[in-house]
Amino acid sequence: MSENRRDASFFMTATTQFGLEEVLAQELRDLGAKIEKIGQRAVEFTGTKQLLYEANLWCRTAVRILKPFAHFQAPDEKSLYREVGRLDWSEYIGAEQTFAITAVVNKSTFEHSLYVAQLTKDAIVDQFRNRTGVRPSVDVKTPDIRLHLHMIENEVVLSLDSSGDSLHRRGYRQQTNAAPLNEALAAGLLLLAGWDGKKALIDPMCGSGTLLTEAALIAQRIAPGLYHQGKFAFENWPDFDRALWESVRMDARSARLDEPQAYLAGSDLSAEFIELARENVAAADLEDFIRLAVRDVKDAKAPAGEAPGLVMMNPPYGERIGDEEEMEGLYKTIGDTLKTSFQGYDAYIFTGNLQAAKRVGLKASRRIPLFNGPIDCRLLKYELYQGTRKAARPEQEMPKEGLES
């Protein structure tokens, strides 16, 4: 084992979406991380440089992997400028490099995150100019070095963003329908459902195919970061270890399974969406693993000859005025299809329309709170028993507080 692989451990933070924190923590544990704290939309952990590279490559539900390097109090403008200026910025940014700062400010005397980012930038640039006469430039779109400033109650944590472009942007998605499912969220839904990558998975409202594509990546043991476009931000760091990174990538490529591990199939009423799904699946080089067809959800059926597995879908929420009646009819159709065609399966519906979801007519055994962008959603689980066992009572009779459990 090389010396790089025996690197000393350091502190890191992985950010994610609300509701996926525990799933992300388990992903990190599986990579060998020591979990220090599971917070809201973030998991704090320790590990080596190799783990930082692997987390960017393998974590399906992470948005960014941050490496904190400074921590101080900044009750006012002068103290923020002074504390930032005390750091030796030549350790993090080369004079010829570009950089950008993302600031998140909560419950502090500073009201605007953009102002905090500007003040921090001034302190960094002034240090370079005073010491060397040259300064790095700011590039907010494609910087070499990305800095993250997090301020809560005037307590500041400065971090290096190791990811660069958000990790949810896998790079395989060519085009999307009007309301695409975020890739990290899609992977999170599958992992929250406990899908093992072996059982059949059916999506009868697959849209542009994100759920199925993420399922194929899980089943075939493919690292999502292999699709990442351009460099990861850590490749621009002064301590970047190219040999270690190449080794990590080689290990990831060799982990891929070439034989199909699970029956994956999707359908959609829209031929246009199915064509988009085919393009995305092809861009991910997964044509051999996913079956796609144009079909109305009312005609969806479990595949013959396959043991019952999971049926999962993300139906429309009906956000336009006047959609209520149409949505209620759609969700009733979904429920009818599940009851008649998918006995023995576990069904999962991810929706931001809980009122329409009552029309499914089945009792949800789990309700997991999540968000799709700004939309408050639930991942609802329905156990579709075979034989004589019936759903206990219709969704309409459920107590209101059950929606939040």
Side-chain angles (χ1 to χ4, degrees), residues 3-4 7-8 10-13 15 48-50 52-53 55-56 63-105 108-151 154-167 169 225 228-246 248-249:
E3 191 64 33
N4 284 315
D7 241 349
F10 53 87
F11 193 78
M12 289 174 264
T13 301
T15 63
T48 62
K49 185 185 292 186
Q50 179 174 339
L52 181 141
Y53 294 175
N56 275 287
V63 174
R64 297 186 181 280
I65 310 295
L66 305 175
K67 182 182 179 182
F69 63 89
H71 182 198
F72 52 83
Q73 288 288 130
D76 52 39
E77 295 177 23
K78 285 185 178 179
S79 58
L80 176 62
Y81 183 91
R82 182 180 67 248
E83 293 297 330
V84 171
R86 282 177 174 170
L87 300 168
D88 183 357
W89 285 100
S90 66
E91 293 182 13
Y92 310 106
I93 307 171
E96 75 290 347
Q97 289 184 307
T98 59
F99 75 102
I101 302 168
T102 300
V104 178
V105 178
S108 301
T109 54
F110 295 90
E111 293 183 7
H112 301 293
S113 57
L114 282 176
Y115 178 67
V116 169
Q118 180 70 30
L119 201 58
T120 303
K121 184 269 293 182
D122 289 346
I124 295 170
V125 167
D126 289 349
Q127 182 186 102
F128 273 95
R129 190 184 287 118
N130 293 337
R131 288 183 179 181
T132 67
V134 293
R135 48 153 288 185
S137 301
V138 172
D139 181 346
V140 295
K141 290 187 175 180
T142 56
D144 297 319
I145 304 296
R146 291 178 185 264
L147 302 170
H148 187 274
L149 184 152
H150 193 219
M151 177 187 284
N154 293 90
E155 189 171 328
V156 175
V157 176
L158 275 167
S159 304
L160 287 164
D161 176 356
S162 73
S163 304
D165 203 12
S166 174
L167 295 177
R169 296 192 183 101
H228 191 83
Q229 301 295 296
K231 285 184 176 181
F232 287 93
F234 62 74
E235 295 182 65
N236 293 317
W237 292 2
D239 68 346
F240 174 55
D241 187 331
R242 185 171 299 280
L244 177 60
W245 174 229
E246 289 300 329
V248 166
R249 282 207 299 184

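Contact record, Y81 with L119: CD1-O, 4.1 Å, taken as the closest heavy-atom pair. When all heavy atoms of M151 and S108 are compared, the closest pair comes out as CG-OG, 3.3 Å. Considering every non-hydrogen atom in both P68 and S159, the closest pair reads CA-OG, 3.3 Å. Across all their heavy atoms, F72 and L158 have their closest contact at CE2-CD1, 3.9 Å. Across D139 and T98, no two heavy atoms sit closer than the pair CB-CB, 3.7 Å. The two residues H71 and V157 make their nearest non-hydrogen contact at CD2-CG2, 4.0 Å.
Of the N and O atoms on the side chains of D241 and Y53, not one donor lies less than 3.5 Å from an acceptor on the other residue.
Under a 3.5 Å cut-off, the side chain of Q127 and the backbone N or O of I124 do not form any donor-acceptor pair. For the pair K49 (side chain) and L244 (backbone), a donor-acceptor distance under 3.5 Å is absent. With hydrogens and angles ignored, the 3.5 Å screen pairs no side-chain donor or acceptor of T13 with any backbone N or O of L66. When atom types are taken as modelled, the side chain of T132 and the backbone of V134 share a donor-acceptor pair closer than 3.5 angstrom. Judged purely by atom type and a 3.5 angstrom limit, E83 has no side-chain atom pairing as donor or acceptor with the backbone of A70. Between the side chain of Q229 and the backbone N or O of D165 there is no donor-acceptor pair closer than 3.5 Å. Side chain of T15 to main chain of R64: a donor-acceptor pair is present (N/O by atom type, distance under 3.5 Å, no hydrogens or angles). Judged purely by atom type and a 3.5 angstrom limit, W89 has no side-chain atom pairing as donor or acceptor with the backbone of V125. A donor-acceptor pair under 3.5 Å is absent between the side-chain atoms of R146 and the main chain of I101, judged by distance alone.
Side-chain contact between V156 and L149 is present, with heavy atoms from C-beta onward closer than 4.5 Å.
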What verdict does the side-chain hydrogen bond (donor to acceptor under 3.5 Å, both in side chains) test give for T102 and D161, after you've listed the backbone C-alpha separation in whole Å, the side-chain angles of each residue and the deciding distance to 0.1 Å? CA-CA 9 Å; T102 300; D161 176 356; over 6 Å; no
The test is side-chain contact (heavy atoms from CB on, under 4.5 Å); show your working for L80 and E77 and say whether it passes. CA-CA 5 Å; L80 176 62; E77 295 177 23; 5.9 Å; no
May I have the step-by-step check of side-chain contact (heavy atoms from CB on, under 4.5 Å) for F99 and V138, ending in yes or no? CA-CA 5 Å; F99 75 102; V138 172; 4.0 Å; yes
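Atom-to-atom distance recorded for K121:NZ and L114:CG is 12.5 Å, nearest 0.5 angstrom. Going from atom CH2 of W245 over to atom CG of L52 covers 9.5 Å, rounded to the nearest 0.5 Å. Here the straight-line distance linking atom CD of Q118 with atom OG1 of T120 works out to 9.5 Å at 0.5 Å rounding. Here the straight-line distance linking atom CG of N56 with atom CD1 of I65 works out to 5.5 Å at 0.5 Å rounding. Remark: F240 CZ to K231 NZ distance equals 7.5 Å, nearest 0.5 Å. In this structure, the separation between CD on Q73 and CD on E155 is 5.0 Å, given to the nearest 0.5 Å.
Shown here is E96, whose CD atom has more than 12 heavy atoms of other residues, nucleotides or ligands within 6.0 Å.
Ring geometry for W237 against F234 counts as perpendicular: the plane angle is over 60°, on a 0 to 90° scale with 30° as the lower cut.
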